[in-house]
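This report refers to the structure that appears directly beneath it.
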Amino acid sequence: MFTLQNPRLADLVRDSYTLDDLRRLTQFLREAGTFHFPALPSGLYPAAHVSADHSSGYASVWIRDNAHVAQSLFDDGQTEAAARAVVGMARFLATQRPKIAEVLAGRADHADPMNRPHIRFDGHTVAEIDVKWSHAQNDALGYFVWVASRLIAAGALEPTDELGEVLAGVVLFLEKIEFWNDEDSGHWEETRKRNASSIGAATAGMIALRNICGREDLRERLKFGDVLVAAERLDQLIAAGRASLAEHLPHECCDEDPLKRREADGALVFLIFPLEIVDEDQTASIIESVVRDLQGDIGIR
């Protein structure tokens, strides 16, 4: 049990909520500044507004975090801010073109996470951070493709040549490493394993891009080098992703190695929302396992 000291907030807390209840609570939180978090000049959002040399490293920008922020801003009607965040991510990923090209050509080993597109970077300079990091995070790349495609579909983001090349490069990279079978560090940047949450995020990105890849203003721009990413290619990747998900779900990782195997994981909830990549039965199973194994007195572990 706990006591809310603010009388107005205490009056807004319910065991269950009507739509009007939620609107009043949202308005209160807006007025309190709870939802206010300023962007950097690049349009990107650091993990926390701390000094660049802060020991936590949270002055950095993460691709996955910014994809979630962009999606939230877009759903809240703040389309310009959402678009700026996506453009900022694309601007950085454009600097990762050489890494993608080296992996595609077989000249760089993608098993080394430093050879992969970096998913944590300096949001002020929009440049790499010279420190070793677990950049093998396929979910982050999938989230970027997903949110960028979503904004393009809504007319909130212009599909420029640079954005088209970045999207194509990410897709081809995920294809090259066989994301449906690749071991990555996932949402929590931990032991590399086949994470269903990462496979699902990458697959959702492919689906979102497939939905718009035939647009006249995008079709010829989805090109990395001489390779054009067309609908047929995306269909094959989506099929591979869905087949792998079917093997995993409702578990995060089914590896026999006990250090990798994991049944319940909070990251799987993102496959339900906002990615909407799982069906009703899978949704029910994921929620059941998360509630059973991870739910605490407040929130989930």
Side-chain angles (χ1 to χ4, degrees), residues 1-19 21-26 28-30 32-37 45-50 55-58 60 62-69 71-72 75-76 119-120 134 137-140 142-143 184-201 204 245 248-301:
M1 296 293 293
F2 61 94
T3 303
L4 293 170
Q5 299 300 318
N6 186 307
R8 187 178 170 195
L9 181 57
D11 185 56
L12 292 169
V13 173
R14 304 276 191 274
D15 290 327
S16 61
Y17 294 84
T18 66
L19 184 56
D21 290 335
L22 290 173
R23 285 173 175 154
R24 284 192 293 271
L25 179 57
T26 300
F28 170 81
L29 294 173
R30 285 192 193 282
T34 304
F35 298 140
H36 176 67
F37 49 104
Y45 296 83
H49 281 276
V50 294
S55 60
S56 68
Y58 278 6
S60 303
W62 272 259
I63 291 285
R64 172 181 46 253
D65 297 21
N66 274 258
H68 279 298
V69 170
Q71 176 259 330
S72 176
D75 284 348
D76 192 41
I119 50 74
R120 171 183 179 258
S134 53
Q137 297 180 39
N138 301 336
D139 60 300
Y143 278 119
D184 79 327
S185 295
H187 288 65
W188 314 124
E189 301 186 335
E190 54 184 6
T191 302
R192 286 174 67 171
K193 58 188 182 297
R194 291 176 66 201
N195 291 296
S197 57
S198 292
I199 295 167
L245 273 181
H248 278 75
L249 295 176
H251 307 309
E252 172 73 324
C253 180
C254 298
D255 200 291
E256 293 183 1
D257 184 344
L259 296 178
K260 296 180 179 180
R261 186 176 182 85
R262 178 173 300 166
E263 295 193 1
D265 195 305
L268 293 171
V269 175
F270 294 122
L271 304 187
I272 301 170
F273 182 84
L275 298 178
E276 298 181 331
I277 187 73
V278 290
D279 61 30
E280 289 186 10
D281 289 340
Q282 292 168 331
T283 293
S285 297
I286 289 170
I287 292 175
E288 180 183 4
S289 67
V290 168
V291 169
R292 181 189 65 233
D293 297 340
L294 302 179
Q295 182 170 289
D297 291 336
I298 301 175
I300 62 172
R301 300 176 183 86

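Keep in mind that the numbers below use all heavy atoms, side chains included, and drop hydrogens, waters and symmetry copies. Keep in mind that this is a model prediction, so the values were computed, not measured. Residues: numbered from 1 along the sequence shown.
A donor-acceptor contact shorter than 3.5 Å is absent between the side chain of N138 and the backbone of I199. Between the side chain of D139 and the backbone N or O of A201 there is no donor-acceptor pair closer than 3.5 Å. Proximity of a side-chain donor or acceptor of D21 to a complementary backbone N or O of L19 within less than 3.5 Å is not detected. In this structure a side-chain-to-backbone donor-acceptor pair under 3.5 Å is missing from S185 to Q137.
With sequence neighbours excluded, no residue forms a side chain to side chain donor-acceptor pair (under 3.5 Å) with Q282. Partners of Q295 under the side chain to side chain donor-acceptor pair (under 3.5 Å) rule, at least two apart in sequence or in another chain, do not exist in this structure. For the side chain to side chain donor-acceptor pair (under 3.5 Å) test, no residue two or more places apart in sequence or in another chain qualifies with D293.
The stretch residues 258-284 participates, sequence neighbours left out, in these ring-ring contact (aromatic ring centres under 6.0 Å, His included) pairs: H68-F270, H187-F270. For the salt bridge (Lys or Arg N to Asp or Glu O under 4.0 Å) condition, the pairs that include at least one residue of residues 252-261, sequence neighbours left out, are E183-K260. Residue pairs meeting the ring-ring contact (aromatic ring centres under 6.0 Å, His included) criterion with at least one member in residues 279-301, sequence neighbours excluded, do not occur.
The CG atom of L9 sits 8.5 Å away from the OG1 atom of T34 when rounded to the nearest 0.5 Å.
Counting heavy atoms of neighbouring residues, nucleotides and ligands inside a 6.0 Å radius, atom CZ of F37 exceeds 12 of them.
A heavy-atom distance below 4.5 Å is not found between the side chains of Y45 and D65. When side chains are defined from C-beta on, S289 does not count as touching E263, because their heavy atoms never get closer than 4.5 Å. With contacts defined as side-chain heavy-atom distances shorter than 4.5 Å, the pair Y17/R23 does not qualify.
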Next item on the list: Using the side chain to side chain contact (heavy atoms under 4.5 Å, CB included) rule, take W188 and D265 through it: C-alpha gap first, then chi angles, then the decisive distance, then the call.
Entry: CA-CA 10 Å; W188 314 124; D265 195 305; 2.8 Å; yes
Note to self: Quick one, H251 with R262, criterion side chain to side chain contact (heavy atoms under 4.5 Å, CB included). Give me CA distance, side-chain angles, the key distance, then yes/no.
What the structure shows: CA-CA 7 Å; H251 307 309; R262 178 173 300 166; over 6 Å; no
Next item on the list: Under the side chain to side chain contact (heavy atoms under 4.5 Å, CB included) rule, what do L268 and L249 come out as? Steps first, then yes or no, please.
Entry: CA-CA 9 Å; L268 293 171; L249 295 176; 4.0 Å; yes
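A salt bridge links R30 with D76: at least one charged nitrogen is closer than 4.0 Å to a carboxylate oxygen.
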